[in-house]
Amino acid sequence: MTYRIGLLEGDYIGPEIIRQAVKALKACGRRFGYEFELVRLPVSGEAYDLYGEPLPQSTVEAAKTCHALLKGPFGGPTEEINHPKWAGVEAKALLPLRKIFNLYTNLRETKIYRPLINLSPLKPEYLENVGILIVRELVSGIYFGEKGERIVNGERQFYDVEAYAESEIARVAKVAFETARARRNKVTLVAKSNVLRSSALWREVVEDVRRAYADVEFDYMHVDNAAMQCVLNPAQFDVILTSNMFGDILSDEVSVLSGSIGLFPSASLNGTDFGLYEPIHGSAPSIAGKNIANPLSAILCVPLLFTHTVHDAKAAAAVDAAVEKALEDGYRTKDLFRDGDDPEKLLGTEEFGDLIAEGI
Ligand code: IPM
Ligand code: MG
């Protein structure tokens with residue numbers, strides 16, 4: 001079968017790491033019998049240079065014809081934050097992309113790789129049995145709520161509204177319970193129901209959805225406590241179900257348990273086979289073009305694509321296995337390299353990508 005994959009390479013290290021993901025995709029195609037038609041879709045900085053806008057309609061229309069999108073990070077250097085090319089690129093390109101495709105579920109899984117355990121900020125004994133999947137709501141809440149400014153008592157006040165509809169909560173909650181069944185069978189809802197009305201609704205709706213999943217263990221945690229528990233006792237979590245903003249914050253926190261945010265892919269889904277697959281980190285201008293970026297966050301998007309778009313668990317497992325083998329064999333990119341590691345096994349972005357493709 002042929003799959004049409006839209007490549008939104010993004011900025012700075014984006015093209016370098018997406019190229020490595022494409023190598024892994026093609027290697028899987030050869031081994032498992034898939035054709036991939038790859039379509040480059042200009043977006044963010046590249047689209048701004050070409051068309052003066054970061055998410056041109058032509059890119060959106062072409063993306064709609066794809067089975068899946070593989071996306072690199074967007075954004076420019078901090079010094080250029082106010083340059084029209086980069087200012088508000090998140091609100092002008094990334095959030096609309098999520099909204100246009102109604103990608104209401106964002107999956108971010110923290111896995112601990114044994115060979116990298118020394119990179120974790122936590123002691124090894126805290127990392128036993130850690131595997132956390134954050135199911136983050138992605139197209140509503142404070143990111144998309146009413147925003148504005150007004151004068152109150154003679155001074156400017158800016159505001160962003162956190163609002164959730166019952167149906168928006170219920171659909172992502174179902175995904176969390178379904179996903180938990182295929183894992184360790186536990187869902188923790190994280191919100192702030194002691195203060196926020198919208199969180200009280202999350203609790204009510206999730207309690208209701210939960211009735212259809214009596215076999216799945218369920219608990220509730222306030223977000224401040226959850227942030228603490230993620231470092232105090234991360235092994236207690238299996239699936240964390242949470243809102244857009246809390247999911248954004250907690251996913252950065254738990255990603256570093258594994259040692260580097262450079263290892264993290266994510267899947268954004270809408271209940272069909274379509275998916276947007278992207279690393280969770282930024283575009284890292286300071287290391288771009290030096291062949292030192294860690295391509296694993298992009299390469300690990302490939303197993304997610306095989307799982308959620310192609311529905312081929314074997315192909316997904318082949319990529320995961322090739323990554324684990326490379327790490328076990330001692331291969332490292334610069335960010336993962338420490339004193340005592342074998343300098344002969346310190347690889348550049350391209351070479352690491354080649355190694356994984358060969359492994360597949
Ligand atoms: C993420 C990012 C985005 C978000 C930014 C770039 C808008 O931090 O995907 O986690 O907040 O969702
Ligand atoms: Mg984030």
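Starting from 1, each residue takes its place in the sequence as its number. Just so you know, these numbers use all the heavy atoms, side chains as well, and skip hydrogens, waters and symmetry mates. Both counts, for ligands and for their atoms, begin at 1 and track the order of listing.
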Side-chain H-bond candidate by donor/acceptor type, Arg108 with Ser255, under 3.5 Å:
no
Answer yes if the side chains of Gln157 and Glu149 hold a donor-acceptor pair under 3.5 Å, and no otherwise.
no
Excluding waters, which are neither shown nor counted, protein N/O/S atoms under 2.8 Å from the Mg ion (ligand 2) come to 1
Is it true that Lys111 and Glu324 have a side-chain N and a carboxylate O under 4.0 angstrom from each other?
no
So, do His308 and Phe306 have ring centers that fall under 6.0 Å from each other?
no
Here the gap from Lys26 atom NZ to Leu38 atom CG, rounded to the nearest 0.5 Å, amounts to 5.5 Å
Does a sphere of radius 6.0 Å around CD in Glu35 hold more than 12 heavy atoms from other residues, nucleotides or ligands, not counting ones at 6.0 Å or beyond?
no
Walk me through it: do Arg181 and Asp215 pass the test salt bridge (Lys or Arg N to Asp or Glu O under 4.0 Å)?
CA-CA 8 Å; Arg181 275 184 174 161; Asp215 54 310; 2.8 Å; yes
Below 4.0 Å from any atom of ligand 1, which residues have a heavy atom? Give them in chain and number order, please.
Glu90, Leu94, Arg98, Arg108, Arg136, Tyr143, Asp248
Between Thr309 and Tyr277, a side-chain donor and acceptor under 3.5 Å
yes
CD/Glu166: more than 12 non-hydrogen atoms of other groups inside 6.0 Å:
no
